[in-house]
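Quick one: the structure is below, and I'll ask about it shortly.
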Amino acid sequence: MVRAHFTIRLGNASLPASAAQWVEDVEAARSTARTIVQGLMRQHGGDPRLMEAAMVITGDDGAVLLEMSFFDTLYLPVEPVPDADRRRPRAPRGAAPRGLTAALGPVRRLAGALGMRAHPQPRPLPGR
């Protein structure tokens with residue numbers, strides 16, 4: 001267990017109040033920081049300076065354990081969790097085809113419509 005101190009740094013200044021919390025490890029501290037940042041953005045998200053802010057996580061001794069920008073904290077990609085029991089969803093019966101066939105459908109309809117216009121029906125010859 002680590003006692004982590006969460007401090008917000010904006011530019012060269014740190015906000016005076018910091019929160020401390022016991023966490024299992026650095027990854028748990030990262031998760032807690034994400035939760036704090038997301039809450040702050042919900043409350044104060046209209047302030048563009050927050051996208052330049054950083055969350056600094058230090059231990060009791062003051063050593064920096066982790067530093068995360070608000071931008072990275074908010075937009076950090078989430079890794080999918082592999083689940084062997086999860087099945088791939090199936091399209092319901094009668095649903096439109098998937099993949100390349102579905103993507104080509106509108107192109108085929110347009111080509112068919114243009115083809116019909118490009119080759120008009122023959123007109124009867126005059127006098128017949």
Correct closest heavy-atom pair for I57 and A29 would be CD1-O, 3.8 Å
Is any side-chain heavy atom of L65 less than 4.5 Å from a side-chain heavy atom of V2?
yes
Between E67 and R9, is any pair of side-chain heavy atoms under 4.5 Å apart?
yes
R49 side chain reached by L10 side chain, heavy atoms, under 4.5 Å:
yes
Counting distance only, does the side-chain N/O of T35 pair as donor-acceptor with the main-chain N or O of S31 below 3.5 Å?
yes
Just so I know, are the side chains of I8 and F70 near enough to count as touching, which here means a heavy-atom distance under 4.5 Å?
yes
List the atom of H5, the atom of G59, and the distance in Å for their closest heavy-atom pair.
CD2-O, 3.6 Å
For the student: nearest non-hydrogen atoms of M1 and W22, plus distance
CE-CB, 3.8 Å
Any I36 side-chain heavy atom under 4.5 Å of M55 side chain
yes
State, with a plain yes or no, whether a side-chain heavy atom of R30 is found less than 4.5 Å away from one of M68.
yes
Is the shortest side-chain heavy-atom distance between M41 and M51 below 4.5 Å?
yes
Contact summary for T32 and V23, nearest pair of heavy atoms:
OG1-CG1, 4.0 Å
From F6 atom CZ to L15 atom CG, the distance as rounded to the nearest 0.5 Å
15.0 Å
Does CG belonging to N12 count more than 12 external heavy atoms closer than 6.0 Å?
no
